[in-house]
Structures are given as structure tokens and as C-alpha cells.
Protein chains: 2
Amino acid sequence: MNARPTMQDVARIAGVSIKTVSRVVNQEPRVDPDTRARVQATIDDLGFRRNEQARSLRPGQSSSLIGLVSGDLGNPFYSAIARGIEEIAYEHGHLLLTASSEEQPERERQLIETYLQHNVAGLIVAPTLDAARTITPELLRGVPLVSVDRPVRDPDPFDTVLLDNRAGARRAVTQLIHDGHTRIAIIDGNPRVYTGQERTAGYLDALSEAGIAPQPNLMIHGHHGARHAEEATHALLSQEQRPSAIFATNNRIATGVIRALHARRRTLAVASFDDFEFADVINLPLTLVSYDAMDLGRAAAARLMQRIQGDGSPPQRLTQPVTLRVPGEQP
Amino acid sequence: MNARPTMQDVARIAGVSIKTVSRVVNQEPRVDPDTRARVQATIDDLGFRRNEQARSLRPGQSSSLIGLVSGDLGNPFYSAIARGIEEIAYEHGHLLLTASSEEQPERERQLIETYLQHNVAGLIVAPTLDAARTITPELLRGVPLVSVDRPVRDPDPFDTVLLDNRAGARRAVTQLIHDGHTRIAIIDGNPRVYTGQERTAGYLDALSEAGIAPQPNLMIHGHHGARHAEEATHALLSQEQRPSAIFATNNRIATGVIRALHARRRTLAVASFDDFEFADVINLPLTLVSYDAMDLGRAAAARLMQRIQGDGSPPQRLTQPVTLRVPGEQP
DNA sequence: TTGTACGCGTTATCAG
DNA sequence: CTGATAACGCGTACAA
């Protein structure tokens, strides 16, 4: 419809120069109150809005855009992170671009490049497995990046916000041991995934502390998604040395475990990283490692804002706390 | 670190004019192959990337940004929509901005304004209750908008993508009637919400078709969130004329209903709009209205892409299909 | 207090 | 086939 009005238009109609309009828009002090009022009236009248693209074209003016690359925004874990980032970004007057890498490093790199073409002020990335190859300081050209949930590589040249994966797993498994369990199985996903590695290490920590020797036939790896975990559970319960408890390293695996137990009408103690709704309605003794995924996003965004504002300190690794929850005990 | 190279830099180093670089970057045909190769080599060498902000500063060049305003990106329903939008946007070379209105009309309006300041090519909005007042064609100034999940107003001057709320509810309740139920309660949220209204209408359709008179004391409204629905369920089960089945108009309400039934160790038939994981593990006869939320996003984005490409046809109302699912019956 | 002139990085026009 | 030059909308020196 109507073309969008520019400062030029406002200036012409208000009978002032473009610079005066700029001063009013940017709330600069040295403007005559009458002039200011007249210009403001024209702005309101025309519905003028500053063109942010033109504004940030000037050097020094950063673009107030930040970019997020996660594995899959449809995954509630990542969308909670996005929501947390959004909240902090909004408070700082930034907008958030979101895109999903689908865990493909090449797509991830491409998305970052596209973001850079759009002059983002900073990036937050939940890195893919092979991000270490593709995400480099040369790619970024000085644009700050904060990784979340997993590090880009280890040690990481970027700021990183992680969960306390190892301690959380250790505490959950220790709780199972406290409850008298000694044959505790673990079902993990892709063994190359950082979080799974840490959580497996925590599982071993707990066993070791209790003087329990880990049993290879109780340690299942490479079972991605609920379906695989379901099969793995059936396999575990069919073998001779059956576990009395199962530790699932994430909630998709926990879902599979619960499905399998439900199908067999078996009651087993289940511990899991990640909390979930309906935990209270499931008739199983559960021990859940709980945390606020939004806080991960908030922390990552807060760190990024510091970087955007020029913080040049060495890369930080921030660890977010987790808590143990036993459903039935209301918080 | 290194400043970002510009076309100017490429031109200087390759020994050509800036326009020739532009031609190579934009794959325009009339360039000498040798020149093209030399320029391309320089581009690769310097890692040059076109500045999209500068590009879209020119009139006519739209910005390849689209904006999404939903109630809460942390809500899996909305994040699935966002994921669907993202997918289509990516295929068309567009990037997605996301932000949450928190169901506040003023914030929603502000976010739309901010998006417009950033020159978005189009908008997708899951409108708040009072969006009818704030989202107007004047606000948008010709930028296309597609509403999703709810219309902005009725009739809607914008394209809208909705679920088949009424038919879905009707089919679910009809299923309950088929199973022999006649005292079927409904628990709905805020009666001003469009989807709840439609689903309530579908509930009444089903009763009417079966010749069952609706009973006011079985129709509960205004119970937002799982907690309220839990209380409402307790109240329903404490009154004289108890229902033998409950229809929950969304999954948060269903969660409350299931919690209450679990607490009372009661088995009741439950129908609900919205599918959810764990439905298979809950020991209750469930009837779920299921759909793919990503498809909502895909449809909205596809429509928006048509508008961005200049489609000037009258506003469309697209209805996405829903299916009935009875957990236990594997798909 | 206000205005003029220039530059940001790109694309479009039009001449060579 | 190639290049000089003028926009695009805004902010910033520097003048007035």
C-alpha cells in the first residue's frame, strides 16, 4: 500500500531538516521544545518508524539482531532455551533469529554464514557433533559466539553454558544406590554426544563411590530415541543378570524405558536426566534430574550481551545447577 | 578482529570495478568468464559475503526476514509451529525472527512494530485475545500477515490457518457417545478463546446429533491451566450427577483431569483435543484429537511466501485436518 | 538550536 | 562486456 515514510518525509512535512528529525527520534537533548513537539506530532501522524537496516548500516552501530542455531526448535528442550534467550534479548532491545541445524554440521555452518550476512551482533549455538571442524574463529570474524548445552570443542575457544551433567547423573544414581539398588543399568544414546558422555561418567562416579563394579552387560549405548531405548529395555530384562533399576541419560530414552516396562507390566526403579510432565501420573518409582532449560538460554544470552557490549575477557565455561526430583514429593 | 571485506575490497584487489563484483556475486550473465573466475577467486580468498542489510536498503529489494509472534515459544505447540515455518522459510531463502507476546496485546503490537522497523518481508502471528484492536492494516502498511491457530478477528482481513477445531471436537465426543456415554462433561479454558469456543461448539454438535440435551452442570468454563482443571475435575466428581466421561478442550486441561483421576484412583473415559506423548502409558481409556502442529506452521509459511511473491487474492481461511487417535491402537 | 554534506555497502542506470 | 555515479535511509562531523 502506502510506501513507508522516511525521515526525509517527516522533515519536509514538519518543515525542518532531516537532522532535526533524527535528533527527535534519538531523543537527543539539544532540540527546541516547540520544534520537538511539532516533529513528534508529524512522526505520530505519519506513523514514521526508523528503518533499522539503514541505521545499522553505519559502522559501529551493531544490528540488534542475534542468531540462534539449535538442533531442532521443535524439541521442547531447545525451544525452552530459545524462550530464555528471547527473554534476555528482549530486555536488551535485541531480536532473535532462530533456525535448526538438524544436527548437520554443514547446515549449521551455512546458517551461521547466513546470519553473518545479516550482520548479527552475536550468535548462540547448540553445536552439532562435528562443529569443531566447521565453527572456527575465522568463520566468525570477530562476531561473538556462545555455545549452549554442548561445547564446540574441548577446550572451547568460545563461551559455553552447560548443565552440570556429571554431578546430576552421579546424584541420581547415588540415590538409586541409597534405595538399595546394586544392579543399575544405564541406557545412553550416541556415545559421541557430549552430554551423554558426561552423564555416563557421572553414573560411573556413583558406582565407584559405592564400591560397585560397573558391569558391561548393564551398559547400553548407541540407542537413539524412544524406540531404540524400548528395545534395549526389553533386551536388558531378557538377559540373565537383570537390573533392578535403570538410569536413562535423557527423557527420550526414559520414554522408551517406561513404554517397555508398561508393556511388560513390570515395576522397576527408573532414574532419568530431564524432568517431564506426567511424571507424577506414572506408577513407577522415578528419580529425575531436573533443571530449568530456560535458564540455560537466559545464561547464554546474558553472556552474549556482555560480549556484544565489548567484554574481552577469556572464554568462560558456565555450569547451570540441576536438582533431583522424586515425583510424589511435591515441591 | 578483521573487518568484514566489502565489494569495494574485492574490486580493488581483483582489479575490477565494484559493479563487476556485484555481477559475479549476483550471478548475472554478461561477465567475461576470465574476469568472473578472477573475481570469484578473490571473493573466496577474502571470504567475502554480501551484506544483506545494505542490499535490502534499496527499494524493491525485500529483506528475506520474516517475523513470528506467538504466545510463548516455550510452549511445544507454538515451537512446533515455529519449526514448520522455519522449514518452509529456509527453502525459500528466508530467515525467521521469533518472539513471544505472552498473550499481551500491547506487547504483541510492539513486537510487530519492531519487526516492521527491521523491514520484515512478512509476518506470522498467533494472535492474542485482543489483537482485533491492535493489529490493523494501517499498522502493517502493506506488509503481508498470516495468522495461525486463531483468527485476528472474524471475519478476518488477513490470511488465516486454523485447525478443524469444531469437527475434531465433534468427532471425539461422538466417539464417546458411541462407546455408550451419555453424561459427558466438558472442561474448557477461557471462554473468550477462539479455539475453545469452536471446540465447545463441536461438543454441542455431537450431543445434539445424538439427541442428548446438554447439561449446564457438566459444562465447566474458565479453567485455565492444569491446576484449575484438576480442581474442576474434583468438583465434577463430587456432585450428584457425575459424568462418565470428560472432554478436555486442550492438553493442559487434560493433564489436570488425568492428575485428578489419578489422585482419586478413578477410571473415567477422557477425550481431549491435542495428542501427547505418554498417552500410551496412561491407564485410562483415552480419545485424542491429534494433528501435526508443524503442518500449521508449514501452511502458514507457504501462504506467506505466496503473499510476499505478490499474490493479491482475497484473504484465505485454510483449515488443517485433524485425526482421532485411540492410544493402544498403534498407527 | 538547526542545517549541510558525506559515508555506510549494495544495486540500478546509463554511458563507454 | 565493463565502469562511473547516483540512489537507498540514517547518523555524524562540522558549519552556520
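Throughout, protein chains are lettered first and strands after them, A, B, ... in sequence-line order, and every chain is numbered starting at 1. Atom set for the values below is all heavy atoms of this structure, side chains included, hydrogens, waters and symmetry mates excluded.
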Got a sec, which residues hit salt bridge (Lys or Arg N to Asp or Glu O under 4.0 Å) with [X], two or more places apart in sequence or on another chain?
X      : value
A/D9   : A/R12
B/D72  : A/R83
B/E106 : B/R109
B/D159 : B/R303, B/R307

Indicate for each nucleotide in nucleotides 3-10 of chain C, in 5' to 3' sequence, whether protein heavy atoms under 4.0 Å reach the base (B), only the sugar-phosphate (S), or nothing (-).
BB--BBBB

Can you pull the salt bridge (Lys or Arg N to Asp or Glu O under 4.0 Å) pairs that have at least one residue in residues 118-130 of chain B, sequence neighbours excluded?
B/D130-B/R192

Quick one: which residue pairs count as a salt bridge (Lys or Arg N to Asp or Glu O under 4.0 Å) with a foot in residues 114-126 of chain B, not counting sequence neighbours?
none

Value in whole Å for how far the P atom of C/dT1 lies from CD of A/E28
12 Å

Mind checking B/T35 for me? I need base, sugar-phosphate or nothing, with any heavy atom below 4.0 Å counting as a touch.
sugar-phosphate

Kindly state which residues belonging to residues 112-123 of chain A come within less than 4.0 angstrom of DNA chain D, counting heavy atoms of the residue only, listed by number.
none

Is the side chain of B/S100 donor-acceptor paired with the backbone N or O of B/L73 at a distance under 3.5 Å, no angle test?
yes

Residues two or more places apart in sequence or in another chain: which of them pass side chain to side chain donor-acceptor pair (under 3.5 Å) with B/R50?
B/N26, B/E52

